[in-house]
Amino acid sequence: MAGNTSIPGTTVASRLLAMVGAFDERHRALTLTELAQRAGLTLPTASRLAGELVAGAALERRADGRFVIGRLLWEAGLQAPVEGRLKQVAEPFLSDVYAATLATVHLAVRDGSQVLYLARMSGRASVPIVSTVGRLPMHSTGVGKVLLAHAPLDVRQEVFAALVRVTAKTITSSVVLEAQLDRIRRDGVAGTVEEMSIGACSMAVPVVRASDNAVAAAIGVVVPTLNRDRRRMLGALQVAARGIGRLL
């Protein structure tokens with residue numbers, strides 16, 4: 001049955017899908033007016049449907065009134081074949097890293113100009129962790145820097161143009177960040193010191209797909225300090241990354 005809309009024959013389901021489809025890489029946060037225009041809906045209809053989507057956690061409304069994709073859609077998206085297969089392959093190796101380090105372990109991929117966390121195993125150490133399954137800035141996280149180092153030039157330029165200071169130690173100089181990315185490509189490892197959260201440091205390495213030598217993901221650990229057990233943590237990450245890459 002068609003919904004009570006201004007376009008005859010258009011179902012409620014199709015309008016809800018149009019609302020979700022209004023978001024893309026260049027339109028990650030939309031006002032209600034923008035959402036209505038991009039979905040081809042009247043403002044009252046968009047307002048009503050947006051309210052239902054927010055109530056169901058499919059969309060989230062920020063303090064500034066803009067709408068963004070909500071947790072429900074992100075969690076559903078993680079079940080897509082590509083990410084789902086990656087998680088399935090990676091989980092035993094993430095468990096190995098956790099067993100070897102007792103640190104919080106992350107698996108992440110690049111999503112446009114942000115890093116998308118697909119999996120997280122919480123460590124025993126008392127470390128302030130901001131990450132969860134979802135998105136964070138690339139320039140202030142270990143896994144993000146790994147993925148940024150291997151991202152296309154246009155993505156790096158987009159990130160460099162919007163370097164937000166998350167903590168007092170976040171790198172916001174494009175010159176300094178570019179030098180770090182050069183070292184990451186050379187050495188195969190990235191590190192951060194309190195750039196995302198005070199009291200938390202991270203180390204991460206790329207997951208290189210064996211079939212085409214492309215960087216498919218990054219795995220990392222978050223710990224109170226990188227001064228202790230650095231070699232053991234790096235070894236555990238590298239072994240896991242190679243194992244995941246072979247199976248991909």
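Side chains are part of it too, since the values below use all heavy atoms of this structure and drop only hydrogens, waters and symmetry mates. Everything numeric in this text was worked out from a predicted model, so none of it was measured.
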Q. In chain order, what residues pass the side chain to side chain contact (heavy atoms under 4.5 Å, CB included) check against S174, with sequence neighbours excluded?
A. F160, L163
**Q.** Non-hydrogen side-chain atoms of L136 and Q114 separated by less than 4.5 Å
**A.** no
Q. Restricting to pairs with a member in residues 198-215, which pass side chain to side chain donor-acceptor pair (under 3.5 Å), not counting sequence neighbours?
A. T192-S202, R209-D212
Q: Compare every heavy atom of L94 with every heavy atom of A119, then report the nearest pair and how far apart it is.
A: CB-CD1, 4.0 Å
(Q) When you compare the side chain of L73 with that of F23, does any pair of heavy atoms fall below 4.5 Å? (A) no
Q: Determine yes or no for a side-chain-to-main-chain donor-acceptor pair under 3.5 angstrom, with S47 supplying the side chain and L43 the backbone.
A: no
Q: Return the set of residues passing side chain to side chain contact (heavy atoms under 4.5 Å, CB included) with E91 (not counting sequence neighbours), or none when no residue passes.
A: K87
Q. Can you list the residues that meet the side chain to side chain contact (heavy atoms under 4.5 Å, CB included) rule with R62, with sequence neighbours excluded?
A. A29, D64, V68
Q. Do any pairs count as a side chain to side chain donor-acceptor pair (under 3.5 Å) and have a residue in residues 238-248, sequence neighbours left out, and if so which ones?
A. none
Q: For T172, enumerate each residue passing the side-chain hydrogen bond (donor to acceptor under 3.5 Å, both in side chains) test, keeping only those at least two apart in sequence or located in another chain.
A: R165
Q: Would you list the pairs meeting salt bridge (Lys or Arg N to Asp or Glu O under 4.0 Å) in which at least one residue belongs to residues 137-150, sequence neighbours left out?
A: K145-E195
Q) Of all residues at least two apart in sequence or in a different chain, which pass the side chain to side chain contact (heavy atoms under 4.5 Å, CB included) check with E34? A) L30, T31
Q) Nearest heavy-atom pair of V164 and T170: which atoms, and what distance? A) O-CG2, 3.5 Å
For residues 217-226, dump all side-chain donor-acceptor pairs below 3.5 Å to protein atoms at least two apart in sequence or in another chain.
from	atom 1	to	atom 2	distance (Å)
T225	OG1	N227	N	3.1
T225	OG1	N227	ND2	3.4

Q | Residues forming a salt bridge (Lys or Arg N to Asp or Glu O under 4.0 Å) with D182, sequence neighbours excluded | A | R185
Q: Mind checking salt bridge (Lys or Arg N to Asp or Glu O under 4.0 Å) for E60 and listing every partner two or more places apart, or none if nothing turns up?
A: none
Q) Do Y117 and V109 have side chains that get closer than 4.5 Å, going by heavy atoms? A) no
Q. What heavy-atom pair brings A46 and A36 nearest, and what distance separates the two atoms?
A. CB-CB, 3.5 Å
Q. Taking side chain as C-beta onward, heavy atoms only, is Q37 less than 4.5 Å from T33?
A. yes
Using atom types as modelled, flag every donor-acceptor pair under 3.5 Å from a side chain in residues 148-157 to any protein atom, sequence neighbours excluded.
from	atom 1	to	atom 2	distance (Å)
R156	NH1	A151	O	2.8

